[in-house]
Structures are given as structure tokens and as C-alpha cells.
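Values reported hereafter were calculated over all heavy atoms of this structure, with side chains retained and with hydrogens, waters and symmetry mates removed.
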Amino acid sequence: ARGDEQLQLEILDRLTRASDASPAPLLCWMAQSSSKAVRKRAIAILGSLQDREVVQQLKFLASREPDLSLRQLIEQTVASN
């Protein structure tokens, strides 16, 4: 499972460098990963997109996030957008 987490983190890093299509749908999916590290990275990248639809997705994700620290990160991200 650790290898899967590392691969997912690598994919997230590549998404931030790609400029072709919106990464939001994939990021929202990755923000629901079983890996806390992958969820955290996806949430951080989503927060940097400055998109109203993404903010709505983040609110939905906050309602489902099992980890308190990540839920707080989402809430802070939503508040700053």
C-alpha cells in the first residue's frame, strides 16, 4: 500500500505542473483516498485553484473527511476562498 501512496503523491505533483485540462475532478477523487498524505496533498492543491465549484466540492469533502486535522484544513481553505 505504501507504493500506491507514493505513486498517488507523484501523480498529484505532476498534476500541478500540467496545464492541459482542469485537474479538479481527479483531485476531488484523490482527496477521498484511503491515504491521509494523499488526501492532504489533494486538498492543498484544490485550495490553490481559486474556483467556486472547487469550494463547493471542498465543503462536501469536509462533511465526509474522517480526520479532524484534514477537516480543519479544508475549512480553512474554504474560508480563505
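Interatomic distance, Ser34 OG to Asp4 CG, rounded to the nearest 0.5 Å: 8.0 Å. Rounding to the nearest 0.5 angstrom, the gap separating the CG atom in Asp51 from the CD atom in Gln57 is 10.0 Å. Distance check: Ile11 CD1 to Leu27 CG gives 11.0 Å after rounding to the nearest 0.5 Å. Separating the CG atom in Leu46 from the CZ atom in Arg39 is a distance of 13.5 Å, to the nearest 0.5 Å. Interatomic distance, CG of Leu58 versus OG of Ser63, reported as 11.0 Å (0.5 Å rounding).
Of all non-hydrogen atoms in Pro25 and Ser22, the two that sit nearest each other are CD-O, 3.6 Å. Contact record, Gly47 with Asn81: O-ND2, 3.6 Å, taken as the closest heavy-atom pair. Scanning all heavy atoms of the two residues, the minimum distance from Ala31 to Leu61 falls at CB-CD1, 3.6 Å. Across Ala42 and Leu12, no two heavy atoms sit closer than the pair N-CD1, 3.8 Å.
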Side chains of residues 70-78: which donor-acceptor pairs under 3.5 Å do they make with residues two or more places apart or in other chains?
unit_1, atom_1, unit_2, atom_2, d
Arg71, NH1, Glu65, O, 2.6
Thr77, OG1, Leu73, O, 2.8

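If you chain together hydrophobic residues whose side chains sit under 4.5 Å apart, Trp29 and Leu9 fall into the same group. Grouping the Ile, Leu, Val, Met, Phe, Trp and Tyr side chains by contacts below 4.5 angstrom, directly or via other members, places Leu7 with Ile45.
For the 3.5 Å distance criterion, the side chains of Ser33 and Gln8 qualify, holding a donor opposite an acceptor.
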